[in-house]
Amino acid sequence: MITSFSKFLFSVFFLFISYTGYSQTNFTGYINPEISINISNESPWSHSFGIANRDIVYTDYENVNDFNKELDFQYKFLELNHYTSRQIGFHSKVSAGIRYRFEDGKNETRIIEQYAYSKKIGRIKIAHRLRLAQRYREITTFRTRYRFSAEFPLQGDKVNPKEFSLVASTEAVWEMGKKERPNLGQRFAAQITYRLFENTRLNLGLEYRHRDYTHSPYVEVFLLSGLKISL
């Protein structure tokens with residue numbers, strides 16, 4: 001079933017980026033696989049280590065020629081990340097993290113502070129996340145993000161880690177910097193999650209990003225895949 005869904009998702013992804021690319025300019029399609037390992041114990045502290053890769057598969061911009069407006073895999077970056085989190089009460093968690101991106105001589109270090117709240121309401125699990133980040137590269141950018149997500153069971157009457165579930169989310173992103181004018185963006189995502197083994201979960205989905213829509217808007221679409229291992 002996972003294999004069939006993967007093929008279906010890839011088909012939807014390529015059809016979607018083709019439609020989006022033809023219907024508007026300033027558009028890029030990506031694939032973004034990620035693997036993470038979560039370490040927790042009886043204490044309120046937990047740790048997460050991850051590695052992610054991003055590649056461009058489609059580009060359509062007004063300032064490029066028609067030859068570039070096609071499917072064409074291009075390496076974007078490799079990313080390493082780490083988070084340390086502390087549980088607060090039954091539903092809340094605070095985290096601090098660091099990311100490092102290797103990107104063709106434009107390496108980036110990112111410091112992250114985060115607050116998350118999640119709770120089950122009936123058959124739905126809702127979550128809020130507020131994240132602050134400082135991006136250090138040629139210029140320094142400060143970013144604020146708020147995400148709301150809801151997880152729905154696709155089997156049974158409630159969210160169950162043993163079964164398929166759908167996670168839908170929307171996230172507002174605000175960025176500013178000394179050499180950058182403030183800009184706003186919005187993200188929409190939908191992912192299917194399933195537990196492959198006792199401590200391993202697989203996520204597959206799509207994310208649509210409408211970036212800098214107050215000044216020079218452009219669109220990015222991501223094919224997301226994630227493998228999460230809990231120890």
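The shown structure was predicted, so the numbers you read here are calculated from the model rather than taken from an experiment. For the numbers below, each heavy atom of this structure counts, side chains included, while hydrogens, waters and symmetry mates do not.
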query = Hey, what's the ring geometry for Phe222 with Tyr30, parallel, tilted or perpendicular (30° and 60° as the breaks)?
reply = parallel

Sorted by chain and residue number, the side chain to side chain donor-acceptor pair (under 3.5 Å) partners of Glu34 (sequence neighbours excluded) come out as none

message: Between Asn199 (side chain only) and Ser230 (backbone N and O only), is there a donor and an acceptor less than 3.5 Å apart?
response: yes

- Query: Salt bridge between Glu103 and Arg54, side-chain N to carboxylate O under 4.0 Å?
  - Reply: no

Residues passing the side chain to side chain contact (heavy atoms under 4.5 Å, CB included) test with Arg137, sequence neighbours excluded, are Glu108, Arg135, Ile139, Thr141, Glu180

### Query
Is the side chain of Gln191 donor-acceptor paired with the backbone N or O of Ala168 at a distance under 3.5 Å, no angle test?
no

Output for pair (Arg110 CZ, Asn81 CG), nearest 0.5 Å, gives 10.0 Å

- Message: Is there a side-chain contact (heavy atoms from CB on, under 4.5 Å) between Arg143 and Val173? Walk through the geometry before answering.
- Response: CA-CA 7 Å; Arg143 173 182 280 184; Val173 182; 3.8 Å; yes

Step-by-step side-chain contact (heavy atoms from CB on, under 4.5 Å) determination, Arg145 to Arg187:
CA-CA 10 Å; Arg145 298 164 56 176; Arg187 303 177 181 183; 3.2 Å; yes

- Message: Applying a strict under-4.5 Å side-chain criterion to I, L, V, M, F, W and Y, I'd like to know whether Leu184 and Met176 cluster together.
- Response: yes

Please evaluate residues Thr144 and Leu130 with respect to the criterion side-chain contact (heavy atoms from CB on, under 4.5 Å), reporting the C-alpha separation (whole Å), side-chain torsions for both, the decisive distance (0.1 Å), and the verdict. CA-CA 8 Å; Thr144 302; Leu130 177 64; 4.2 Å; yes

Those residues at least two apart in sequence (or on a different chain) that pass ring-ring contact (aromatic ring centres under 6.0 Å, His included) with Phe142 are none

Nearest heavy-atom approach of Gly97 to Tyr83 is CA-CD2, 3.8 Å

key: Close side-chain approach of Lys179 to Glu138, heavy-atom, < 4.5 Å   = no

- Query: Does Ile126 reach the side chain of Ile121, with side-chain heavy atoms less than 4.5 Å apart?
  - Reply: yes

When His91, Lys93, Lys125 are each screened for side-chain contact (heavy atoms from CB on, under 4.5 Å) with Ser118, the one that passes is Lys125

Margin query: Please tell me whether Phe164 and Leu227 are part of a single hydrophobic cluster in this structure, the criterion being side-chain heavy atoms less than 4.5 Å apart.
Written below: yes

The side chain to side chain donor-acceptor pair (under 3.5 Å) partners of Asp55 (sequence neighbours excluded) come to none

Kindly work out whether a path of hydrophobic side-chain contacts (I/L/V/M/F/W/Y, heavy atoms less than 4.5 Å apart) joins Ile112 to Leu80. no

Are side-chain N/O atoms of Tyr146 and His128 paired as donor and acceptor at under 3.5 Å? yes

Note to self: Asn32 vs Asn53, test: side-chain contact (heavy atoms from CB on, under 4.5 Å). Steps then yes/no.
What the structure shows: CA-CA 6 Å; Asn32 201 137; Asn53 168 250; over 6 Å; no

So CD of Gln74 and OG1 of Thr28: to nearest 0.5 Å the spacing works out to 9.0 Å

**Asked** Do the side chains of Ile98 and Tyr136 join up, straight or via other hydrophobic residues, at under 4.5 Å, putting them in one cluster?
**Response** yes

| Flag side-chain contact, heavy atom, 4.5 Å: Ser95 against Arg129 | no

Contacts of Asn107 meeting side chain to side chain contact (heavy atoms under 4.5 Å, CB included) (sequence neighbours excluded), chain-then-number -> Tyr100, Phe102

*Is it true that Ile229 and Ile51 fall in one hydrophobic cluster, defined by side-chain heavy atoms closer than 4.5 Å?*
no

Between the CG atom in Leu224 and the CG atom in Leu206, the distance rounded to the nearest 0.5 Å is 7.0 Å

### Query
Can you find a side-chain donor-acceptor pair between Ser169 and Arg147 that sits under 3.5 Å?
no

d(Glu151 CD, Leu154 CG) to nearest 0.5 Å is 9.0 Å

* Asked: Does some side-chain heavy atom of Tyr194 sit less than 4.5 Å from a side-chain heavy atom of Leu204?
  -> no

For Ala52 and Leu78, the nearest pair of non-hydrogen atoms, with its separation, is O-CD1, 3.3 Å

In short, Pro182 meets Trp174 closest at the heavy-atom pair CB-NE1, 3.8 Å

Output for pair (Thr170 OG1, Glu207 CD), nearest 0.5 Å, gives 9.5 Å

### Message
Under a 3.5 Å cutoff, is there a donor and acceptor pairing between the side chains of Gln134 and Glu113?
### Response
yes

To the nearest 0.5 Å, atom CD1 of Ile35 lies from atom CZ of Phe49 at 15.5 Å

Can you find a side-chain donor-acceptor pair between Asn38 and Ser48 that sits under 3.5 Å?
-> yes

Applying side chain to side chain contact (heavy atoms under 4.5 Å, CB included) to Thr84 and not counting sequence neighbours gives Trp45, His47, His82

